[in-house]
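A quick write-up on the structure given underneath.
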Amino acid sequence: MGSVRNSKNRKKPKLAVFKFASCDGCQLSLLNAEEDLVSIGEAVEISHFLEASSHVEVGPYDLTLVEGSITTPGDRERIQEVRKQSRVLVTIGACATAGGIQALRNWGDHEEFQQAVYPHPEFLDTLATSTAISDHVQVDFELRGCPVNKKQLVELITDILHQRKPRFPRHAVCLECKQSGTVCVAVTRGIPCLGPITQAGCGGLCPGYDRGCYGCFGPTAQANVSGLSHWLLKHDMPKTELVPLLRNFNAGATPFREEGNRLAREQDTELE
Amino acid sequence: MSESRSINVKALTRVEGEGALHIRLAGDAIEAVELNIYEPPRYFEALLRGRSVEDVPDITARICGICPVAYQMSSIHAIENALKIRCSPETRSLRRLLYCGEWIESHVLHMHLLHAPDFLGCESGLEMGQSYPDELKRGLRLKKHGNQLLSVLGGRSVHPINSTVGGFYRAPSRQRLQKLIPDFEWGLQAAIEATRWVAGFEFPEFQQDYEMISLSHPDEYPMNEGEIASNKRPAISVDRFEQEFQEYQVPHSTALQACRVKENSSYLVGPLARVNLNRDRLSAAAKRLADELHFETPCTNIFRSIIARGLEVVHAYEEALGILRRAPVLTPAKISYDYHSGEGCAATEAPRGLLYHRYAVDEAGLVEKTQIIPPTSQNQLQIEMDLIRFLPGVLNEDDQQTARDCERLIRSYDPCISCSTHFLKLDIERLES
Amino acid sequence: MPAESLREKTVSPWQIHPVRIVAAKAEVPGVITYRLKFVDQNVEDAYSVSPGQFNMLYMPGYGESAISVSGYDEQNRELLQTVRVAGNVTRALSRLNVGDELGLRGPFGQGWPMKAAQGGHLVLIAGGLGFAPIRSAIEAAICHRGRYEKISILAGARSPDQLLYREQYEQWKAAQVELRLTVDRATPQWNGNVGVVPLLVDRLKISNPATATVMVCGPEVMMWYTVKSAIEQNISVERIWLSMERNMNCAIGHCGHCQFGPAFICKDGPVLRYDRIASYLKIKGL
Amino acid sequence: MEYGNRQLLAKEGLQDLILAMQALEYMVIGPKIEQEAIVYEEINSLEDLPRGWTDLQTAGTYRIKRRDDDAYFGYVVGPRSLKHYLHPPRQLVATATRDGQRWEFESIENIEQKYAFLGVRACEIAAMRVQDRVFLQGDYVDPLYAKRRESALIVAVNCTMAAPTCFCTSMQTGPRCTDGYDLALTELAEAFVIEAGSDKGEKILRDLPCSPVTTADLEQARKLQQQAVEQISKTMNPVNLREDLLENLNHDRWEETARRCLSCANCTMVCPTCFCSTVEEVVDLSGDNIERRRTWDSCFDIDFSYQNGSIVRNDIRSRYRQWLTHKLATWHDQFDQSGCVGCGRCITWCPVGIDLTEEVAVIREKKCSE
Ligand SMILES: Cc1cc2nc3c(=O)[nH]c(=O)nc-3n(C[C@H](O)[C@H](O)[C@H](O)COP(=O)(O)OP(=O)(O)OC[C@H]3O[C@@H](n4cnc5c(N)ncnc54)[C@H](O)[C@@H]3O)c2cc1C
Ligand code: SF4
Ligand code: SF4
Ligand code: SF4
């Protein structure tokens, strides 16, 4: 069947996990795969996964998972090297696919941020922005989520082991809500919910817990962000609340970023 | 003339986040020990400014994917203190239950996948599984329970979504909670077995005279509430934390380190400190087990902290079972509150130790100022101090072995390096004085 | 109660049957023609297919793909399917060897109107991989050669080495079938037509347009211009048939994916009469 | 056999009905308050019903509210419909298992669960019949739908009120249930008028503690049903609707709607007639055990029209157009009826309140020139 598993005499494919600016949550999702973790461990050679193993092999790697965003000059270079060493490079999680929560610095004054947190900013060597991996190197596949869904992560690894192109839904969270029988919190309670413009993958988690979706999985393909913000503004949601809603873990994703910026500009002119 | 020698561990492994260790020696004299955390800074304290208090638990969770509940709990309690919100006893129980889930998940992960391999000469938990398949399987199952509990209460195990200021977004389903009971009954026994297993490891002799710091509460094992206790000094209330402890920056690390303000001295937080200071408040089964294992307290050998972790897992299982059996009903899920300007702080016990947060909020419920002091920054100086004392005993080995031994020592702290970059502004004047 | 009366169609349309690869022939780079044989003889006995219909080929773990039947070897009871490597399913299929098994559901859909075309000039037009379903019409027509006044095959490909079924051409010509080929880009060795397929239609001699039937399969733009040319040749819109393609998931009209205006490509098509869809072909994004 | 012999059932008698259905091993699915809406859920007893509650619905909003009486069925329709149970959102349809070099393929054909639906409205019966047409009356029968549908028991309720989103009268599907049920109820102030519509229903009715109806009861029932008719304010003229839409596939309105529509698929999920699905391949790590699962899909999903590396309906405009024209126009070509029963769910549950009847009105008002 052409699966890697079947070709007994071939060496096991090498898996590497690299981390950039992140919280480790996406890597942890792999350790959280529990039973599957053992099977993955059998199917691949874990060649570089610092959080899980002291066994470190040099590249090239067959599959590289990259967590985290680019925030330092050093990392900007390191990712180039990682790319060179990787046959298939997959980014996992909002940090890697959109810059993560730390991309909020892109709207702030970097120096002032440094001063607010560190007494000696001069010891630091960081960039003024937090950017997605795909802004720096070519990425073969992006797995969304903050954190990624561990089922999807295992599925992705399986897909690659079996030489399948990974395919995940690009539709809205709303489908998952309805499929799981969750009642829409936007319609029944007027709670602002990003579900209609956020990519599925979490299973409609937040609405199932009576709160609005806050966009962990980033924008859907062709997300109509202004369509949603238009409705919310018409229904008395102030821009001061709407802008931060769009600026969460996927603040750096283009559709969220652009609409957030547009609203913020309008807000500024209104204030003047 | 003795040659100068430098030992580098370029990348610490089996720790959460990324860090390195540099040791510089001149002959047998230690010139420098630097725990270098090169985890890039993410400026959480800066990005929280201007956000509404309800956004805070979601954002602070992202400081650390290993202990998001700890960040949520500390920030929620600090904000509730700022807004003078008093939550119901049921909320309190369910929050403890949530925390039990995180302790189980995080401790079991560390015990089985990160730390145990050191004692068994393996490079990873998976490799260890080849010689100890049942132990690994048991560990993974225990870890899964922790995750399941987090998922039922919080929606998912990494960055759960159900905790908020004033309670929970949705009252946890009693039915789903009670479904966990059989698993947890099994887990309690299995956790006892696992602890017996790790207690049988061979530990290096390494006794240190630590100052141990943890929360302490008259009626319960510390998690979400209590005073800050020490084995060396009188207990203080949480709101005095910043007067007694402070953070400062060192050039070799992106993380800040913490120390005692007056004495400039290091201290230890985490499971070993907690068990030492609160042994009599461990659950019955955990206490019995500690006696059975002749776990002497105070225990001052950091390598034995894996046993303390085991005891806490047993405690967490037993406490969780009690709450699951009661399955408190939460009505309403979340209490309503008004915004007003104020300031509040709180400390809770993250799996790795004390986690302190302070917030100033304005009358619209937006954050003005934040201070977050995570456990790993508090342990960092202690780790360096330990290394200085530990090194002479391992220096006659080759560099690789010395490095490996040092790494083992560091690992027994279960340092969470991703957390340790989110450190706080310190008061420069005070530092210089 | 309608629900009660309709239970009789007992076999689940979801049942997949194993088939074995008996032979695989690389046609052109990236395109393979397979000979498939049912593993279970009862299934083989029950199976009957007409030209223009398609099967869902199933690669366990990868999914299903709609693949036209490009021929059926009655003697050996072997199905011919020509597959271009496009994505997951077809790529996985291409990694199989002779003797390996895969799954199949089918046949599905409405095929070419071979009967209705009898008595007149049969014009079969293929572009690229559209040759696959056209091939099954060629076979069927040759089988009953006498029933058609004239048979013309017009086929186009990007380049000469992209032309499918080259080894069959002599055989077809021997059965008195007119074969005209064209390529977009010629090579030095090529001395046939250069240009798009509709040009071949323009040059075709159709003695009696009233009884001629045109069957086309190829990319949508190619079909669009081919039909225009056919109409200019005075062929009635009711005698022009197109084989259409849309995303195919269930193949039984239950999943909604393959809709094209009023048609379900899986059950009303893939072969559709031009005049019934003409107005929709013009609309973008339907 | 003639049914329609009407009788009176005391309000508490509903509990006997629930018990009778349970005794026949039905899982009773009825209205229940969940997450601040009245949804179809498993009902264990009368206590579970939303007694004394109603719903308020407009485009994009839904709220539940106390009524000033104790009516059990004093609400309209909720986000779930029978399709949630008869054509469930996730369904295993087939499996593949590797056995050495060979594969075993199996299709799932048996389902033990029998459902009894309590509180079904006229438009919902109509919607179920639309799905019957899709799954049972074509060349292929969906075996799982057939099983569920055949074993289902329908206890209908005649509407006595309507929401501003209802337009069943336009689509000629309600508000009165005329057939397609096993039992039908009309809720009066003090009791129910109950009648059977099938042998199954008749058998259950025989054992219920009923009393004879009076003319006054019937008059009250008629009045209440009339009240629902009168409350319906929304209309959509079905005459020529198919042509009006198909002749306007390039109307400017589609573009305008696309600026509001989020392509979130809520309308298709709540619509009781929408039937689109996708079969997903769920593979274990070894690749040896595969489940083929059918899940609800939607024409609003961008990948729904994926074909050979490109997307056919590659903007919201063409996706919305596909939905509306399928529902109201090409459905006639395919199934000889409209795909819309006028329940108004898509209007209420659209998170930005798009109302298909308004869209249709605009398109009709100014037909496109071409
Ligand atoms: C009636 C008919 C007859 C055909 N006959 C032939 C033939 O004879 N020979 C031939 O080579 N081809 C034929 N095709 C085309 C063939 O079906 C496709 O090229 C084939 O499905 C490709 O399968 P794949 O898995 O390799 O490619 P993919 O492009 O990966 O698609 C496989 C299937 O998966 C689904 N899919 C893939 N990606 C997505 C996504 N992002 N979102 C949603 N769904 C997705 C689609 O349903 C797609 O059909 C025919 C198509 C039709 C409709
Ligand atoms: S995407 Fe979210 S979970 Fe993953 S590393 Fe980033 S912050 Fe953590
Ligand atoms: S709750 Fe949010 S995600 Fe769910 S259906 Fe409503 S709008 Fe969509
Ligand atoms: S289209 Fe709307 S009104 Fe019509 S049946 Fe569907 S949900 Fe109801």
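All values derive from a computational prediction rather than experimental measurement. Below, read A as the first sequence line, B as the second, and so on, with proteins coming before strands; counting in each chain starts at 1.
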Determine the minimum heavy-atom distance between Cys274(D) and Trp323(D), stating which atoms define it. SG-NE1, 3.6 Å

Would you find more than 12 non-hydrogen atoms of other residues, nucleotides or ligands less than 6.0 Å from Glu104(D) atom CD? no

Turns out that what part of Val352(D) lies under 4.5 Å from chain A's heavy atoms comes down to both

Can you check whether anything in residues 167-177 of chain A gets within less than 4.5 Å of chain D, heavy-atom wise, and list it by number? Arg170(A), His171(A), Ala172(A), Cys174(A), Leu175(A), Glu176(A)

Mark yes or no for whether Arg345(D), through its side chain, and Gly78(D), through its backbone, hold a donor-acceptor pair below 3.5 Å. yes

Residue selection (most heavy-atom pairs with chain D, distance under 4.5 Å) from Arg164(A), Lys178(A), Arg189(A): Arg189(A)

Most chain D-contacting option - heavy-atom pairs closer than 4.5 Å, from His235(A), His230(A), Gln179(A): Gln179(A)

Among the listed options Asp315(D), Asp55(D), Val39(D), the residue most often paired with chain A at heavy-atom distances under 4.5 Å: Asp315(D)

Side chain from CB out, backbone as N, CA, C, O: work out which of these in Asp284(D) comes under 4.5 Å of a heavy atom of chain A, or both, or neither. backbone

Shortest non-hydrogen contact from Cys276(D) toward Phe304(D): SG-CZ, 3.6 Å

Which class fits the ring pair Trp103(D) and Phe105(D): parallel under 30°, tilted 30 to 60°, perpendicular over 60°? parallel

Between Asp210(A), Asp36(A), Ile197(A), Leu232(A), which has the largest tally of heavy atom pairs under 4.5 Å with chain D? Asp210(A)

Testing the basics here: between His87(D) and Gln131(D), what is the closest heavy-atom pair and its distance to 0.1 Å? CB-OE1, 3.7 Å

Under a 4.5 Å cutoff for heavy-atom pairs, which residue among Arg260(D), Met269(D), Arg63(D) has the most contacts with chain A? Arg63(D)

Side chain, backbone, both or neither of Ile38(D) within contact of chain A (heavy atoms, under 4.5 Å): neither

Interface moiety of Ser180(A) toward chain D, non-hydrogen atoms closer than 4.5 Å: both

Would you compute the distance between atom OG1 of Thr188(A) and atom CH2 of Trp349(D) and round it to the nearest 0.5 angstrom? 5.5 Å

Which label fits Phe135(D) and Phe275(D): parallel for a plane angle under 30°, tilted from 30 to 60°, or perpendicular past 60°? perpendicular

Portion of Thr348(D) that has a non-hydrogen atom of chain A nearer than 4.5 angstrom: both

Largest heavy-atom contact set with chain D, pairs under 4.5 Å, which of Val225(A), Ile157(A), Thr182(A): Thr182(A)

I need the Leu324(D) CG to Thr257(D) OG1 distance, nearest 0.5 Å. 8.5 Å

Check whether Leu262(D) gets within reach of chain A through its side chain, its backbone, both or neither, counting any heavy atom under 4.5 Å. both

Trp53(D) and Tyr75(D): aromatic ring centres closer than 6.0 Å? no

Verify whether the ring centers belonging to Tyr40(D) and His84(D) lie closer than 6.0 Å. no

Nearest-0.5 Å distance that lies between atom CD in Glu67(A) and atom CD in Gln27(A): 4.5 Å

